[in-house]
Trainee: 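The following block contains the structure, expressed as structure tokens.
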Amino acid sequence: MKKIFKGDIIYTKNSNSFEVHKDSYLVVEDGVVKDILHYIESIPSDYEYLDYTNKLIIPGFVDIHLHSSQFLNMGLGMDKELIPWLNTYTFPEEAKFRDLEYAKTAYTKFVSDLINKGTTSSVIYSTIHKESTMFLMDLLDKAKLRAYVGKVNMDRNTIDELCENTNYSIEETEEIILSSKSNRVKPIITPRFVPSCSPELMEGLSKLAIKYNVPVQSHLSENTNEVKWVKELHPDIENYASVYNKFGLFGQTKTVMAHCIYTSDEEIELMKKNGVFAAHCAISNFNLSSGIMPVRKYLDYGVDVGLGSDISGGNTLSIPQSIVSTIQASKIKWLESNKELYPLSFSEVFYMATKGGGKFFEHVGSFERGYNADLLIIDDSNLSDINKFDVLDRLQKYIYSGNENNIIGVYVDADKVS
Ligand SMILES: O=c1[nH]c(=O)c2nc[nH]c2[nH]1
């Protein structure tokens, strides 16, 4: 399959600058970027030509932390902090996914919104339920989206309907791993967070992760009461990150931790040493009064950082809105830190939303040769006079003041997504 996309191409190779190719040709073979050309005399007959002249062509967005089962709860309970919010709104909603018919309705709406918002790769929590998790994986695969999907594991400190038998939780997780065959939609081990996972469960999940080389996702230091609770549960372990590390869930296979607001320097160093990714969830951190992650510090340590919409702590799946909130949060952090932790630039955060988070999937989020051709076509004609603004200005205007109506095409591996 060979395709050529023509348009105003913009992406980030590194976090400091944009690669801009106005009125150029993105050449794709077998779903992978081969080249960007500024001139083609005539389109070779064995290529499909997609002419998006005057439209922006950007990488598909990457969301490395979200709870698909909370989609129907978006916007609810935003007057609460994390633990009361989980108990009042989130756990009761997740319990409904035992009913496969409910899951089918909710996940169908979720996947449709993910596509509308231009998110082509995501790292997803479902619920504890095996059947509805497998339904979601199949749905994402049929939609041609790229994703890691984790059946949530919990065997303590949750409502009765969600509290699993430890061995059963591990067995069902293994069954999902063994049954998954897709190249685009893969399983991820998902101990919800330390308060809801016993040491035996964490150990069992770590064994599975290593045996099948499956990645891991969880939450780390999102809320001060949560951090205190972890200390009470594990008084002999020096910090929150070390609890995961002790039980083999902190970089023993590829790992992403969400929030990371109250992590100490030692914990950030451990993340760097173990290659653990951080998912920055700025909107959720505002909504649940969690705090502001010191992202600049993580970047200075060399930790990989991507963005997470974190629905439904986050109230939207929109990664452009996450980009804006991330930049705004970093400005408050700059003031809070006596102007030590510099605000994040537009290119740094666009990078996190594409190639930075995309690194969790490997060759995702860029248009360099060898990357998956996951891309969005943006019609920004209602936002910018293209004769007056350059391509980078148009991208900024789209991110800050555009919305999903500006997205007129979504492609994964150069295949149209619908
Ligand atoms: O924002 C969050 N959403 C959740 O569902 C969750 N579970 C544990 N910690 C969490 N944080």
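We count ligands from 1, going down the list as the structure has it; atoms in each ligand are counted the same way.
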Trainee: For Ser196, which residues count as a side-chain contact (heavy atoms from CB on, under 4.5 Å) partner, sequence neighbours excluded?
Mentor: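 If we apply the side-chain contact (heavy atoms from CB on, under 4.5 Å) test to Ser196, skipping adjacent residues, the hits are Met154, Arg192, Phe193.
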Trainee: Charged N to carboxylate O under 4.0 angstrom, Arg394 versus Asp390?
Mentor: no
Trainee: Relative to the ring of Tyr11, is the ring of His21 parallel (under 30°), tilted (30 to 60°) or perpendicular (over 60°)?
Mentor: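 It falls in the parallel class, under 30°.
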Trainee: With a 4.0 Å cut-off on heavy atoms, is Trp85 in contact with ligand 1?
Mentor: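 Contact present.
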Trainee: State yes or no: are the ring centers of His65 and Tyr125 separated by less than 6.0 Å?
Mentor: yes
Trainee: Any atoms of ligand 1 less than 4.0 Å from a non-hydrogen atom of Phe193? List them with their elements.
Mentor: 8 (C), 9 (N)
Trainee: Walk me through whether Asp413 and Arg184 qualify under salt bridge (Lys or Arg N to Asp or Glu O under 4.0 Å).
Mentor: CA-CA 10 Å; Asp413 293 331; Arg184 282 186 189 141; 2.8 Å; yes
Trainee: Note the single closest protein heavy atom to atom 5 (O) of ligand 1, along with its residue, its atom name and the distance in Å.
Mentor: Arg192 NH2, 2.7 Å
Trainee: Short N/O distance, under 3.5 Å, between Gln70 and ligand 1?
Mentor: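 Between Gln70 and ligand 1, an N or O pair is found under 3.5 Å apart.
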Trainee: Touching ligand 1 at all, Glu226? Heavy atoms, strictly under 4.0 Å?
Mentor: no
Trainee: Within ligand 1, which atoms have a heavy atom of His259 less than 4.0 Å away?
Mentor: 1 (O)
Trainee: Between Tyr89 and ligand 1, find which residue part has any heavy-atom pair under 4.0 Å and reply side chain, backbone, both or neither.
Mentor: neither
Trainee: What pairs meet the side-chain hydrogen bond (donor to acceptor under 3.5 Å, both in side chains) rule with one or both residues in residues 78-91, with sequence neighbours excluded?
Mentor: Glu81-Asn223
Trainee: Please state which protein non-hydrogen atom is closest to atom 11 (N) of ligand 1 and give its distance, to 0.1 Å?
Mentor: Glu222 OE1, 2.7 Å
